[in-house]
Amino acid sequence: MTPLLTICVPTYNRRDHTEKLLLILCDRLLLGGNYNVEVVVSDNRSSDGTAELKQTFVGKGVRWITQPTFLPTAEAHMVACSQQCSGEYIWFIGDDDLPHRENFDWLYEILESDRYDYMLVNAPLMGLDGVIANPRPIIVQREIIEAPIQAIVEATGITFLFGGVSTHIMRRSLLSKEVGEFYLNAAPIYSQAGWIMDCFKSARCAFINRPLLLYRETDYRDGH
């Protein structure tokens, strides 16, 4: 049976973060509920022992992909991953971010209802010290705001929520690899923003004002 949702974890040289995230996903989603969900880990040829995690998690609802060649940017990794997932929807989750189990039932019902093709999530920002630095980056009163993707981007900005990895839930069939490669060639950094905007410019889109994950501040000290 085709999964309703693929949770895709692109990772590179972050073994500890990846292991913690997979433990949470296995415990709270794959084992903790009756969901038609697959978890896909895409390893961008890590050299820190990340590949050793495959032995622990494959067979517990996790599918493991090792990219055939190293991909130079996170954006290129996302485009490649999009073609290797099988769910009706894809939710990329960065290896250092943390999903909220409490609101997943609510999200899953929305996906089952087939109401939207694209959703942007208003994710709380967590600092490197584990403290919530910003509980609601975008201040709105409604739980769901239906709008064209161009209007969502104009209202939220492109370099934080929309420019992130973990804040997009997307219908896989509308994600074009060719469009993604076009934007990668035009501008490697933040090219996923143009890719997503183009693919969903005529789609049913919504801004989701419930915390579905904690979006961790990027730690650039590890070379990422």
Side-chain angles (χ1 to χ4, degrees), residues 1-12 14 17-44 46 50-51 53-54 56-68 71 74-101 103-121 123 164-181 192 195-196 199-200 203-206 208 212-215:
M1 178 168 47
T2 299
L4 178 62
L5 173 67
T6 296
I7 296 176
C8 184
V9 182
T11 189
Y12 174 65
R14 279 181 171 166
H17 282 313
T18 301
E19 183 175 22
K20 291 175 184 176
L21 175 57
L22 291 177
L23 286 170
I24 291 171
L25 291 174
C26 287
D27 179 57
R28 299 184 185 178
L29 299 185
L30 298 179
L31 299 179
N34 187 24
Y35 307 117
N36 183 17
V37 172
E38 71 164 353
V39 173
V40 172
V41 176
S42 176
D43 181 11
N44 193 17
S46 298
T50 295
L53 298 176
K54 179 178 179 179
T56 301
F57 292 100
V58 169
K60 297 181 179 179
V62 176
R63 183 158 59 89
W64 197 280
I65 296 168
T66 301
Q67 292 299 328
L71 298 164
E75 292 82 357
H77 200 175
M78 289 177 70
V79 173
C81 289
S82 71
Q83 305 302 301
Q84 298 165 323
C85 299
S86 57
E88 292 184 34
Y89 293 89
I90 297 177
W91 183 9
F92 292 106
I93 296 184
D95 52 19
D96 59 344
D97 296 331
L98 299 172
H100 263 295
R101 170 67 177 87
N103 289 318
F104 189 79
D105 286 343
W106 179 81
L107 169 66
Y108 195 80
E109 289 178 2
I110 292 177
L111 297 181
E112 287 186 309
S113 73
D114 193 31
R115 288 167 60 187
Y116 307 115
D117 302 306
Y118 170 83
M119 288 166 279
L120 179 67
V121 177
V165 172
S166 304
T167 50
H168 310 275
I169 301 171
M170 303 171 282
R171 189 176 296 278
R172 180 175 58 89
S173 61
L174 296 181
L175 276 173
S176 164
K177 178 183 178 183
E178 290 73 24
V179 172
E181 290 175 343
Q192 87 277 13
W195 174 46
I196 293 169
C199 288
F200 294 95
R204 300 169 298 169
C205 302
I208 302 296
L212 298 174
L213 78 153
L214 291 174
Y215 193 55

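One is the number of the first residue; the rest follow in order along the sequence.
Taking 4.0 Å as the cut-off between side-chain N and carboxylate O, Asp114 and Arg171 count as a salt-bridged pair.
Taking CZ of Phe92 as the reference point, atom NE2 of His77 lies at 9.0 Å (rounded to 0.5 Å). A distance of 12.0 Å separates CZ of Arg14 from NZ of Lys20, quoted to the nearest 0.5 Å. Atom SG of Cys199 is separated from atom CD of Glu178 by 9.5 Å, given to the nearest 0.5 angstrom. If you take OG on Ser42 and CD on Gln67, they are separated by 3.5 Å, rounding to the nearest 0.5 Å.
No donor-acceptor pair under 3.5 Å is formed between the side chain of Trp195 and the backbone N or O of Glu181. Between the Asp95 side chain and the His17 main chain, no donor and acceptor come within less than 3.5 Å of each other. Judged by distance alone, the side chain of Asn36 and the main-chain N or O of Thr2 form a donor-acceptor pair under 3.5 Å.
Within the 4.5 Å cutoff, the side chain of Arg172 has no heavy atoms near those of the Thr6 side chain. A heavy-atom distance below 4.5 Å is found between the side chains of Tyr118 and His168. Two residues are said to be in side-chain contact when any heavy atoms from C-beta on lie closer than 4.5 Å; Tyr108 and Val37 meet this criterion. Between Ser86 and Arg63 there is a side-chain heavy-atom pair separated by less than 4.5 Å. At a threshold of 4.5 Å between non-hydrogen side-chain atoms, the residues Leu213 and Trp91 count as touching. Looking only at side-chain heavy atoms (C-beta outward), Lys54 and Thr66 stay at 4.5 Å or farther from each other. With a 4.5 Å cut-off on side-chain heavy atoms, Leu53 and Trp64 count as touching. Side-chain contact between Ile169 and Leu107 is present, with heavy atoms from C-beta onward closer than 4.5 Å.
Judged by distance alone, the side chains of Thr18 and Thr11 do bring a donor and an acceptor atom under 3.5 Å apart. Counting only N and O atoms by type, the side chains of Ser166 and Asp97 include a donor and acceptor under 3.5 Å apart.
Taking both residues in full, the closest heavy atoms of Val165 and Gly94 are given as CG1-N, 4.1 Å, listed atom of the first, atom of the second, then distance. When all heavy atoms of Cys26 and Phe57 are compared, the pair lying nearest together is SG-CD2, 3.8 Å. When all heavy atoms are compared, the tightest approach of Gly87 to Glu38 is N-OE2, 3.8 Å.
The aromatic rings of Tyr35 and Phe104 lie perpendicular to each other, with more than 60° between the two planes, well past the 30° mark.
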